[in-house]
Structures are given as C-alpha cells and as structure tokens.
Amino acid sequence: TVVFKKASSGQPTIAGSSITAAVDFYDVIFDAPDATTLFNINSIYFTVNHSLTISGDEQLFINGDTILMAGSSNLTLSNTSGTGGGTADINFNSSSTQTITGSTGTDYTKLPNIIIAKSGTLNLSGNIGMGGTTYLDYRTGTISEGSSSFLFYHDNTIKGKMEFYDVEFQGHSSDYYLTDTIVIDNDLLMTGTAVNTVNNGVIKLNKDLTYNNTHSSSIFNTPIEFSNTSIDQAIQGSALARVYKLTINKINGGNVVLTNPTTVIHSLVLEKGFLITDATNLLTLSSSCTVTGGDATTFVKGPVKKVGNSA
C-alpha cells in the first residue's frame with residue numbers, strides 16, 4: 001500500500017519526466033488527515049491495480065492527469081470534509097467487475113472527474129459526491145446502481161446515458177448540465193437555498209421528485225418524465241417546485257400526486273396516467289405553457305391555475 005498525504009506546506013506532486021512515464025500501484029490511499037491537501041499528478045501514467053481510497057477529515061483535491069483503474073480495482077470513499085474534487089480523471093475502463101463504495105451516513109466524499117468506459121460491470125454503493133466543476137462521463141459498461149446516492153455539488157456535467165438510484169442537485173448558485181437521457185430508479189432531489197438550474201438532456205424518473213430548494217429562480221430546465229408503471233409517484237418537498245417540461249407517461253396507468261405546489265413553465269405532456277392536485281398542492285401553468293395529450297386515460301384530477309392567456 002502506498003499512502004500519499006500532505007506532510008508540509010505546498011502541494012504534493014506525483015510526476016514523471018515525460019507523459020510516457022508510467023507507474024503501477026497495487027493499493028493507493030490519498031489522505032488529508034490534518035490540512036487541506038491538493039495532489040498533482042503530472043506527466044505520468046498512474047495505474048491502480050487493486051484499490052484506491054480517498055480518506056481523511058480535511059479537504060482533498062486531485063488535479064492533473066488520469067488515474068487508470070485497471071483489472072478489478074475498486075474505489076473506496078471515506079473522506080468526511082464535505083469539500084473536494086479536482087481536475088484529474090479517474091478512469092474505469094476494465095472488463096472486470098469493479099466497485100465504487102461511497103461514504104455512509106450523511107457524508108459525501110467529493111470526487112474529481114469520473115470516466116466510465118468499461119466492457120464489464122461497475123457496482124455502486126453508498127454516498128458518492130462529485131466535486132465542483134467536475135464531470136461524470138458514462139461511455140460504456142453495465143451500471144449496477146444498488147441503493148447508491150449521487151450528490152452533484154456545483155456546476156457539474158453528466159455525460160452520456162447513465163442509470164442512477166438516488167440523485168441530488170445541491171444548490172450552490174450552480175448550473176448543471178446533462179448531455180443525454182438519464183434514468184433515476186428512486187428519488188430525485190433539488191436542495192439548497194441558492195439559485196440552482198438543471199439543463200439539457202432528459203430525466204426519466206421512476207419514483208419521486210423532492211423539491212426543497214427555496215430560491216425562486218431555481219428550476220429544472222431539463223424535461224422530467226414520470227414513467228414508473230407499477231407504483232404511484234409524487235412531486236413533494238418543502239418549496240415550490242418549478243419544472244420547464246413535465247411529462248406523465250405511466251404506461252399501465254397510475255398517479256403522480258402533488259404534495260406541494262408545482263409550476264410548469266413550458267409544457268405539460270399527458271400521455272398515460274393521472275396528475276393529482278388539490279387546492280393546497282396546486283398545479284400552476286405559466287403564461288407560455290402548453291398542454292398536449294390528455295384523454296380518458298390521462299388527465300389532471302384536481303384544480304389547475306393558468307397564468308395569462310397566451311397559450
């Protein structure tokens with residue numbers, strides 16, 4: 001096991017004489033036990049063959065080149081500082097089964113960029129956090145999301161068609177971007193008090209949207225489709241939910257129940273299933289919002305407020 005940690009002032013650097021330099025490790029630990037630590041990986045092929053651990057109680061960042069997770073190597077997250085990330089890429093591209101084991105409880109270790117380009121399976125568990133301005137790039141491989149929870153902390157990008165269990169977008173005056181359709185098998189959360197926007201792509205949601213972000217300008221600009229055919233779903237939370245495009249597409253019927261007020265900005269699409277509202281948990285359609293679809297198998301059961309008369 002090789003342990004990298006900060007022993008004095010400055011930034012620890014792992015470097016080669018050229019980009020062709022290479023080093024293979026079996027077990028590696030990046031640790032920040034006493035002070036904020038920024039590791040630099042420069043001009044070197046850095047390969048982990050068994051396990052990579054990110055630990056410590058202080059902020060930890062990994063910058064620079066790529067860490068290649070080879071063979072059946074696994075990533076374990078136990079840093080408890082709540083802040084971290086970096087510009088380096090951690091690249092899972094093995095044909096073997098690999099695992100990211102996240103933090104437990106309320107802790108989220110923050111990661112640098114993650115690339116998933118596998119021909120095998122990547123298992124996910126626990127709490128997995130993405131550091132500020134980092135990306136999660138899914139290219140190939142089977143994702144076994146278990147009951148994991150992904151936290152996107154600030155200005156993150158999700159690339160590719162990936163499947164998740166729980167996803168949280170945490171409001172830190174952030175703009176999040178999707179490049180394609182993602183599937184969330186459990187809950188989608190919008191939290192925080194600062195402006196939070198989620199943009200582009202599509203979110204297919206199989207359980208509930210919990211909207212707790214209290215800033216009036218926060219919004220899901222990304223279209224959200226409720227599509228679980230076996231259970232009722234909900235839009236819930238402690239704040240007014242704002243969604244650009246909302247699609248109800250529960251093929252075998254069923255309900256999406258509002259348990260807090262919700263505003264749709266651009267379009268409401270009714271394909272299958274019912275949207276349940278009441279006077280307290282009101283559905284509001286903005287002045288430019290259009291409604292498409294709707295028949296005996298799909299409509300709004302309850303009051304709707306339409307603002308203006310332009311659509």
Side-chain angles (χ1 to χ4, degrees), residues 166-169 171 174-176 178 181-311:
D166 286 336
V167 170
E168 178 179 349
F169 294 101
S174 300
D175 294 310
Y176 300 98
L178 281 60
T181 298
I182 66 170
V183 176
I184 301 174
D185 285 333
N186 199 52
D187 291 338
L188 170 62
L189 296 90
M190 174 85 90
T191 60
T193 58
V195 178
N196 211 16
T197 67
V198 183
N199 307 284
N200 302 338
V202 174
I203 296 173
K204 291 190 175 183
L205 183 58
N206 285 325
K207 200 176 179 189
D208 299 332
L209 167 60
T210 300
Y211 200 104
N212 292 333
N213 185 285
T214 57
H215 199 286
S216 61
S217 295
S218 293
I219 187 172
F220 277 102
N221 285 321
T222 298
I224 298 177
E225 177 179 329
F226 285 82
S227 53
N228 194 313
T229 62
S230 60
I231 62 170
D232 284 351
Q233 297 173 261
I235 300 177
Q236 60 190 16
S238 58
L240 170 68
R242 298 179 74 243
V243 179
Y244 183 75
K245 179 179 179 181
L246 177 63
T247 298
I248 310 300
N249 187 25
K250 299 170 71 65
I251 301 300
N252 296 327
N255 301 317
V256 175
V257 181
L258 299 193
T259 61
N260 72 322
T262 299
T263 296
V264 180
I265 304 300
H266 178 264
S267 57
L268 172 65
V269 181
L270 300 170
E271 296 184 355
K272 205 73 172 179
F274 303 103
L275 185 56
I276 310 299
T277 72
D278 59 39
T280 301
N281 303 298
L282 186 64
L283 174 67
T284 299
L285 307 180
S286 74
S287 60
S288 59
C289 184
T290 61
V291 179
T292 58
D295 57 29
T297 65
T298 178
F299 55 86
V300 179
K301 292 184 178 180
V304 178
K305 178 182 177 181
K306 178 66 173 68
V307 178
N309 58 5
S310 61

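Please read these numbers as outputs of a predicted model, since none were measured by experiment. Any value given below was found using the heavy atoms of this structure, including those in side chains, with hydrogens, waters and symmetry copies removed.
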_For Ser287, is there any backbone N or O sitting under 3.5 Å from a side-chain donor or acceptor partner on Lys306?_
yes
_Intermediate values then yes/no, side chain to side chain contact (heavy atoms under 4.5 Å, CB included), Leu209 and Thr262_ = CA-CA 11 Å; Leu209 167 60; Thr262 299; over 6 Å; no
*Using modelled atom types only, decide if a donor and an acceptor are shared between the side chain of Thr197 and the backbone of Ser218 within a distance under 3.5 Å.*
no
*Parallel, tilted or perpendicular for Tyr211 and Phe220, by the 30°/60° rule?*
perpendicular
_Distance (rounded to the nearest 0.5 Å) between Thr247 OG1 and Lys272 NZ_ = 15.5 Å
*To the nearest 0.5 Å, how far apart are CD1 in Ile184 and CG in Asp208?*
11.5 Å
*Does any N or O in the side chain of Asn255 come within less than 3.5 Å of the main-chain N or O of Val257, such that one atom is a donor and the other an acceptor?*
no
*Assess whether side chain to side chain contact (heavy atoms under 4.5 Å, CB included) is satisfied between Val243 and Ile235, documenting all intermediate values.*
CA-CA 11 Å; Val243 179; Ile235 300 177; 5.6 Å; no
*Distance only, no hydrogens: is a donor on one side chain within 3.5 Å (strictly under) of an acceptor on the other, for Glu168 and Thr191?*
yes
*asked:* Set out, in order, the CA-CA distance, both residues' side-chain angles and the distance that settles side chain to side chain contact (heavy atoms under 4.5 Å, CB included) for Lys250 and Asn228, then state yes or no.
replied: CA-CA 6 Å; Lys250 299 170 71 65; Asn228 194 313; 4.2 Å; yes
*Minimum side-chain heavy-atom gap Leu246-Val256 below 4.5 Å*: no
*Check step by step if side chain to side chain contact (heavy atoms under 4.5 Å, CB included) holds for Asn200 and Asn221.*
CA-CA 7 Å; Asn200 302 338; Asn221 285 321; over 6 Å; no
*Applying side chain to side chain donor-acceptor pair (under 3.5 Å), run through Ser238 and Asn212 and close with a yes or a no.*
CA-CA 5 Å; Ser238 58; Asn212 292 333; 3.1 Å; yes
